[in-house]
Undergrad: 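One structure coming up, written as structure tokens, with questions to follow.
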Amino acid sequence: PARDSCVAARLRRAGAVILGKANLSEWANFRSSQSTSGWSARGGQTRNPYALDRDPSGSSSGSAVATAANLCAAAVGTETDGSIIGPSSVNCVVGIKPTVGLIGRSGIIPISCTQDTAGPMARTVTDAAVLLGALAGDDPKDPVTRESEGKSFSDYTRFLDPGGLQGARIGVAREYFCFSEAVDRVMDDLIAQMKSLGAVIIDPVEIPGKGKIEEFKLMLYEFKDGINRYLQELGPSAPVHSLKEIIEFNERNRDKEMPYFGQDILVKAEAQGPLSSPEYRGILKDNLRLSREEGIDALMDEHGLDAVMAPSGGPPSPIDLVNGDHYVGGSSGSAAVAGYPNVNVPAGFIFGLPFGVSFFGRAYSEPVLLRIAYAFEQATGVRRPPGFAATADLGPSCEPDVVAQNAAQVFG
């Protein structure tokens with residue numbers, strides 16, 4: 001690249017010391033349907049610092065791990081769907097997936113012009129809020145940021161309130177539960193404790209229209225268009241100039257690029273037509289309608305909600321380069337498709353392995369979500385630093401019950 005991305009330029013102007021680029025799941029896990037999070041041909045396998053044989057999630061694997069392991073004060077991740085929230089959850093850090101348009105995206109390798117965004121990852125809500133303020137604002141090379149005019153802030157720490165759960169109306173999206181009994185037990189205990197701190201819990205709530213969304217097909221169209229534009233902007237000196245040439249490069253270097261998994265998603269994306277096609281336009285229109293005004297907005301209007309909460313996912317699975325990731329559950333999809341904000345906060349441990357809770361809501365509701373997330377964090381005090389264990393301790397103790405008891409003691 002001939003110039004900094006918008007994100008890097010804003011960090012420099014704010015006085016940040018940029019240490020380097022973290023290892024990313026190759027092509028942000030959009031290369032293969034059998035990919036392993038945290039692996040790339042450039043950086044090898046990123047490992048979870050809570051148990052080194054466990055998956056760090058992705059695609060912002062290195063950003064979450066570096067933050068969790070105290071290698072940096074904070075990091076920047078990117079998300080199309082789950083790539084900030086997932087790694088933040090299993091590495092026990094705070095992750096903010098902001099409203100699409102709050103942070104400029106020029107210079108970031110794209111997947112989806114509808115869903116892509118950068119966002120902060122930090123050990124505390126305060127640190128993440130500081131970084132969000134430095135990153136938010138207009139990007140002349142990203143027209144979507146014009147929509148954030150008058151809706152972004154240079155200081156998000158002013159919204160942090162330890163009493164922020166008092167009177168907060170929070171819906172519990174039970175449709176994202178039931179993938180882990182242990183996770184459900186911890187979540188139910190935390191919900192009970194939130195009530196004791198004055199939160200108004202509406203349980204359950206259901207997000208309408210979610211099952212009708214065609215997210216993957218949309219991303220195939222937008223990735224082909226976006227990556228071709230990105231490569232063309234790099235000029236003739238770039239080693240590849242199109243998605244087609246990327247696919248050919250991978251085939252020529254199969255021993256290094258594809259020793260564990262292939263590139264079926266890239267091939268499917270290359271087969272798509274232009275963004276002017278009626279199929280794409282129809283999918284885009286339906287997705288935005290179903291996820292926004294008939295989805296999250298409708299749900300929040302119906303119950304007068306400030307936020308929706310759900311487990312971000314389960315504890316990390318073992319790294320498996322043979323079969324790829326073992327995905328058991330997660331709640332990032334609704335906010336991702338809508339382009340709405342989502343905040344992950346550490347929620348608990350199961351056999352020493354962390355998982356998080358997500359608070360998401362309307363477009364540009366970052367101040368409300370951060371107020372709730374900060375109050376939750378201050379009340380629970382869940383996070384503890386990693387021990388870099390070789391493997392998880394799967395002894396007879398019932399870790400979920402221990403976490404629930406500790407949470408009850410903190411809440412009183």
Side-chain angles (χ1 to χ4, degrees), residues 1-7 21 23-45 58-62 78-83 100 104-118 141-144 214-285 287 321 324-325 336-337:
R3 59 181 179 272
D4 273 344
S5 67
C6 175
V7 164
K21 296 181 180 180
N23 196 33
L24 176 78
S25 303
E26 181 142 316
W27 288 109
N29 274 339
F30 204 68
R31 197 191 86 185
S32 168
S33 56
Q34 297 177 324
S35 63
T36 298
S37 287
W39 183 88
S40 76
R42 289 289 298 260
Q45 180 64 53
S59 58
S60 301
S61 311
T78 59
E79 173 158 331
T80 304
D81 186 342
S83 289
V100 173
R105 302 172 298 178
S106 63
I108 296 175
I109 296 174
I111 289 180
S112 165
C113 58
T114 304
Q115 297 180 203
D116 286 352
T117 182
K141 297 182 182 298
D142 183 2
V144 178
E214 293 189 73
E215 181 184 17
F216 183 64
K217 187 72 169 180
L218 179 89
M219 288 194 288
L220 290 175
Y221 270 105
E222 292 185 344
F223 177 69
K224 179 182 180 180
D225 178 81
I227 195 63
N228 285 341
R229 290 175 184 269
Y230 175 87
L231 292 172
Q232 288 160 12
E233 288 177 2
L234 293 182
S237 61
V240 290
H241 307 91
S242 67
L243 175 56
K244 181 176 181 293
E245 291 185 16
I246 290 170
I247 293 169
E248 293 170 350
F249 174 89
N250 289 340
E251 288 294 346
R252 288 196 305 271
N253 296 276
R254 175 172 282 273
D255 58 331
K256 295 179 180 178
E257 281 292 339
M258 298 190 288
Y260 305 115
F261 52 88
Q263 57 178 343
D264 61 294
I265 293 178
L266 299 189
V267 173
K268 289 175 183 175
E270 174 60 23
Q272 303 309 307
L275 299 191
S276 59
S277 71
E279 181 184 47
Y280 167 75
R281 291 181 177 275
I283 293 173
L284 176 61
K285 181 180 178 181
N287 280 8
L321 289 167
D325 286 345
V337 175

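Along the sequence shown, residues carry numbers from 1. In what follows, every heavy atom counts, from backbone to side chain, and hydrogens, waters and symmetry copies are set aside.
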Undergrad: How about Gln263 and Glu257: does a side-chain donor come under 3.5 Å of a side-chain acceptor?
TA: no
Undergrad: Drop me the distance from Asp225's CG to Leu243's CG, to the nearest 0.5 angstrom.
TA: 11.0 Å
Undergrad: Determine yes or no for a side-chain-to-main-chain donor-acceptor pair under 3.5 angstrom, with Arg105 supplying the side chain and Val100 the backbone.
TA: no
Undergrad: Give, for atom NZ of Lys217 and atom CD1 of Ile283, the distance between the pair rounded to the nearest 0.5 Å.
TA: 6.5 Å
Undergrad: Taking the side chain as everything from C-beta on, heavy atoms only, tell me whether Ile108 gets closer than 4.5 Å to Tyr230.
TA: no
Undergrad: Please assess Leu220 against Phe30 for the test side-chain contact (heavy atoms from CB on, under 4.5 Å), listing each intermediate value before the final yes or no.
TA: CA-CA 9 Å; Leu220 290 175; Phe30 204 68; 4.0 Å; yes
Undergrad: For the atom pair SG (Cys113) and CZ (Arg229), what is the distance rounded to the nearest 0.5 Å?
TA: 8.5 Å
Undergrad: Could you go through Glu251 and Met258, starting from their C-alpha distance and side-chain angles, then the distance that decides it, and tell me whether this counts as side-chain contact (heavy atoms from CB on, under 4.5 Å)?
TA: CA-CA 8 Å; Glu251 288 294 346; Met258 298 190 288; 4.0 Å; yes
Undergrad: May I have all residue pairs that pass side-chain hydrogen bond (donor to acceptor under 3.5 Å, both in side chains) and include part of residues 235-246, sequence neighbours excluded?
TA: His241-Glu245, Lys244-Glu248
Undergrad: Taking Gln115's backbone N and O only, do any of them form a donor-acceptor pair with Ser112's side chain (distance below 3.5 Å, no angle check)?
TA: yes
Undergrad: Applying the side-chain contact (heavy atoms from CB on, under 4.5 Å) test to Asn250, which of Ile247, Asn253, Ile246 qualifies?
TA: Ile246
Undergrad: Taking the side chain from Arg254 and the backbone from Pro259, do they hold a donor-acceptor pair closer than 3.5 Å?
TA: no
Undergrad: As an exercise, state the distance from OG of Ser59 to CG of Asp81, rounded to the nearest 0.5 Å.
TA: 10.5 Å
Undergrad: Run through Ile111, Asp116, Ile265 and flag the one making a side-chain contact (heavy atoms from CB on, under 4.5 Å) with Met219.
TA: Ile111
Undergrad: Evaluate side-chain contact (heavy atoms from CB on, under 4.5 Å) for Ile227 paired with Trp27, printing each intermediate quantity in order.
TA: CA-CA 11 Å; Ile227 195 63; Trp27 288 109; 3.7 Å; yes
Undergrad: Is it the case that Gln34 and Tyr260 place a side-chain donor and acceptor less than 3.5 Å from each other?
TA: no
Undergrad: Can any side-chain N or O of Asp142 pair as donor or acceptor with the backbone N or O of Gly104 at less than 3.5 Å?
TA: no
Undergrad: Does any N or O in the side chain of Asn287 come within less than 3.5 Å of the main-chain N or O of Val337, such that one atom is a donor and the other an acceptor?
TA: no
Undergrad: Looking only at side-chain N and O atoms, does Asn23 offer a donor or acceptor that is under 3.5 Å from a partner on Ser61?
TA: no
Undergrad: Is it the case that the side chain of Glu222 and the backbone of Thr114 share a donor-acceptor pair, with hydrogens and angles ignored and the cut-off at 3.5 Å?
TA: yes
Undergrad: Please name the pair of heavy atoms, one in Ser32 and one in Gly262, separated by the smallest distance, quoted to 0.1 Å.
TA: CB-O, 3.1 Å
Undergrad: Using side-chain heavy atoms (C-beta onward) and a distance below 4.5 Å, is Thr78 in contact with Ser60?
TA: yes
Undergrad: So Asn29 and Trp39, do their side chains get closer than 4.5 Å, heavy atoms only?
TA: no
Undergrad: Donor-acceptor pair, distance only, cut-off 3.5 Å: does the side chain of Gln272 make one with the backbone of Tyr221?
TA: no
Undergrad: Looking at Ser37, is its backbone amide N or carbonyl O close enough to the side chain of Ser25 to form a donor-acceptor pair, meaning the two atoms are under 3.5 Å apart?
TA: no
Undergrad: What I'd like to find out is whether the side chain of Lys141 reaches to under 4.5 Å of the side chain of Arg3, using heavy atoms alone.
TA: yes
Undergrad: Drop me the distance from Phe223's CZ to Thr80's OG1, to the nearest 0.5 angstrom.
TA: 9.5 Å
